[in-house]
Amino acid sequence: MENTISNGELMLEVKNIHKKFADADVLHGISFTVRRGEVLVIIGPSGSGKSTMLRCLNRLEEIDKGSVQVRGEYLAKEVDGSTVYAEGDELRHILGSMGMVFQQFNLFPHMTVLENLLEAPMQVKKMKREEILPVAEELLRKVGLYDKKDSYPARLSGGQQQRVAIARALAMNPAIMLFDEPTSALDPELTGEVLKTMRELAAEHMTMVVVTHEMAFAREVANRVIFMADGNIVEQGTPEELFGAPKEERTKAFLNNML
Ligand code: ADP
Ligand code: MG
């Protein structure tokens, strides 16, 4: 398992990314790689740049410096000191290979659960309804919500809505799934069902980058954990290394606070 991953296809290669907002320097040179089937978990205090970093991977934010490669293709690279982004079909291909799940589920409120899953494959990928329908139904079965397919999001619990959001992202058949604190907006009793869905995805060797405060989940599911603070990677390692024997004082202090 470890070996398959360390030799596996490079799914993401992030080199020295920097990001500034008008008044804030948020990412100070972040580099990491993710291989096929790997689950990378990112932890760190609020405001450390985790969401911004994740959003830089699929161009929800543009980077100021550095490069992002997705399965060998450049999403963004530095040319003569400025950032150049992939364009046209290449850009669509790269962005289409990533699915994202947010803290706020962001389902389309005026569409049923099933329509939520059909929308992007039909609009973005121009798939026919009868082509995507069986895929969508299978995904809803997988997340345990087939019986809710004709319900509107507002009728579902937060945990159910988030499972629909995961199924919706999967309907685009992504190669990489990005999760930004997918359980942080949920009541504690609802986080378990979402984590279970994510565990199942990991068990099927989905490549995942997960920002989370769920330390037990991180410890159990991650192949590698990155601890970020103030826009830097302070420390990274296997869950055993990072949780069992953290090296940096910042990491130790953060983990102590989480207990
Ligand atoms: P985290 O996800 O680790 O909590 P964020 O990436 O959300 O951290 O935020 C990192 C820093 O960047 C924070 O100081 C935040 O206020 C700032 N920030 C995030 N998005 C924006 C934005 N669109 N404009 C200005 N500042 C932002
Ligand atoms: Mg965040």
Side-chain angles (χ1 to χ4, degrees), residues 1-15 17 30-44 48-58 68-72 75 94 97-103 105 139 142-143 159 162-163 165-184 186 191-228 233-246 251 254-255 258:
M1 183 71 194
E2 289 286 326
N3 279 339
T4 357
I5 287 176
S6 60
N7 299 329
E9 180 190 356
L10 262 182
M11 301 299 276
L12 270 174
E13 190 165 12
V14 173
K15 282 193 192 146
I17 59 174
I30 299 284
S31 304
F32 62 88
T33 57
V34 182
R35 289 183 185 272
R36 180 180 284 285
E38 191 172 24
V39 178
L40 172 65
V41 167
I42 297 167
I43 60 173
S48 56
K50 304 181 300 295
S51 294
T52 304
M53 191 283 290
L54 213 54
R55 293 165 61 83
C56 286
L57 301 182
N58 63 1
V68 177
Q69 255 177 295
V70 182
R71 304 178 80 185
L75 168 67
I94 295 172
S97 67
M98 289 180 282
M100 186 152 177
V101 174
F102 302 87
Q103 183 173 334
F105 333 117
L139 285 168
K142 184 176 158 137
V143 300
Q162 192 61 302
R163 281 147 64 204
I166 294 172
R168 183 178 60 172
L170 292 172
M172 290 293 277
N173 193 25
I176 306 167
M177 284 286 286
L178 310 175
F179 292 88
D180 192 0
E181 297 196 32
T183 60
S184 292
L186 298 176
T191 62
E193 60 191 67
V194 172
L195 295 177
K196 175 170 175 273
T197 297
M198 293 171 68
R199 251 185 223 111
E200 287 165 1
L201 267 187
E204 291 165 12
H205 309 297
M206 173 59 82
T207 306
M208 296 160 65
V209 181
V210 184
V211 174
T212 187
H213 293 297
E214 295 290 335
M215 296 299 140
F217 171 84
R219 205 168 178 145
E220 177 196 332
V221 178
N223 299 101
R224 208 148 40 81
V225 182
I226 284 178
F227 171 63
M228 271 180 77
I233 293 179
V234 174
E235 185 166 353
Q236 59 176 306
T238 63
E240 294 73 24
E241 289 166 344
L242 207 106
F243 294 113
T251 320
F254 175 78
L255 292 175
M258 296 302 291

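Both backbone and side-chain heavy atoms feed into the values below; hydrogens, waters and symmetry mates do not.
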Notebook entry, point to check: What is the minimum heavy-atom distance between Gly37 and Asn223, and which atoms define it?
Noted result: O-OD1, 3.9 Å
Notebook entry, point to check: To the nearest 0.5 Å, how far apart are CE in Met228 and CZ in Phe32?
Noted result: 8.5 Å
Atom pairs and distances, donor-acceptor, side-chain atoms in residues 169-182, under 3.5 Å, two or more places apart:
{"residue": "Asp180", "atom": "OD1", "partner": "Ser51", "partner atom": "OG", "Å": "3.3"}
{"residue": "Asp180", "atom": "OD2", "partner": "Ser51", "partner atom": "OG", "Å": "2.6"}
{"residue": "Glu181", "atom": "OE1", "partner": "Ser184", "partner atom": "OG", "Å": "2.6"}
{"residue": "Glu181", "atom": "OE2", "partner": "His213", "partner atom": "NE2", "Å": "3.4"}

Next item on the list: Start with the C-alpha distance between Val210 and Met198, add both sets of side-chain angles, then the distance that settles side chain to side chain contact (heavy atoms under 4.5 Å, CB included), and finish with yes or no.
Entry: CA-CA 10 Å; Val210 184; Met198 293 171 68; 3.7 Å; yes
Next item on the list: State the CZ-NZ distance between Arg55 and Lys50, to the nearest 0.5 angstrom.
Entry: 13.5 Å
Check: So which heavy atom on Met206 is nearest to which on Val39, and how close?
Finding: O-CG2, 4.3 Å
Next item on the list: Under the side chain to side chain contact (heavy atoms under 4.5 Å, CB included) rule, what do Ile94 and Val68 come out as? Steps first, then yes or no, please.
Entry: CA-CA 11 Å; Ile94 295 172; Val68 177; over 6 Å; no
Margin query: Nearest 0.5 angstrom please: Glu241 CD to Glu235 CD, how far?
Written below: 8.5 Å
Notebook entry, point to check: If we only count heavy atoms from C-beta on, is the Gln162 to Thr197 side-chain gap below 4.5 Å?
Noted result: no
Margin query: Would Glu200 and Lys142 count as a salt bridge (Lys or Arg N to Asp or Glu O under 4.0 Å) here? Give the steps.
Written below: CA-CA 9 Å; Glu200 287 165 1; Lys142 184 176 158 137; over 6 Å; no
Next item on the list: Output, in order, the C-alpha distance, side-chain angles, deciding distance and verdict of side chain to side chain contact (heavy atoms under 4.5 Å, CB included) for Glu38 and Met11.
Entry: CA-CA 9 Å; Glu38 191 172 24; Met11 301 299 276; over 6 Å; no
Checklist line | Min side-chain heavy-atom separation Val221-Leu195 under 4.5 Å | finding: no
Checklist line | Straight-line distance of Thr183 OG1 to Glu214 CD, nearest 0.5 Å | finding: 4.0 Å
Margin query: Please give me the minimum heavy-atom distance between Val41 and Ala222, naming the atom from each residue.
Written below: CG2-CB, 3.6 Å
Note to self: Please find the pair of heavy atoms, one from Cys56 and one from Leu75, that lie closest to each other, and give the distance.
What the structure shows: O-CD2, 3.9 Å
Note to self: Contact between Leu255 and Phe227 at the side-chain level, heavy atoms closer than 4.5 Å - yes or no?
What the structure shows: no
Check: How far does CZ of Arg168 sit from CZ of Phe105, to the nearest 0.5 angstrom?
Finding: 11.5 Å
Notebook entry, point to check: Of the non-hydrogen atoms in Gly159 and Leu186, which two are nearest, and what is the gap between them?
Noted result: N-CD2, 3.6 Å
Notebook entry, point to check: Minimum heavy-atom separation for Ile233 to Ser31, with atom names?
Noted result: CD1-O, 3.4 Å
Next item on the list: For Arg35 and Gly8, indicate whether the former's side chain and the latter's backbone hold a donor-acceptor pair under 3.5 Å.
Entry: yes
Next item on the list: Apply side chain to side chain contact (heavy atoms under 4.5 Å, CB included) to Arg71 and Arg36, showing your working.
Entry: CA-CA 9 Å; Arg71 304 178 80 185; Arg36 180 180 284 285; 3.0 Å; yes
Check: If you measure from CG on Leu40 to CD1 on Ile226, what distance do you get to the nearest 0.5 Å?
Finding: 4.5 Å
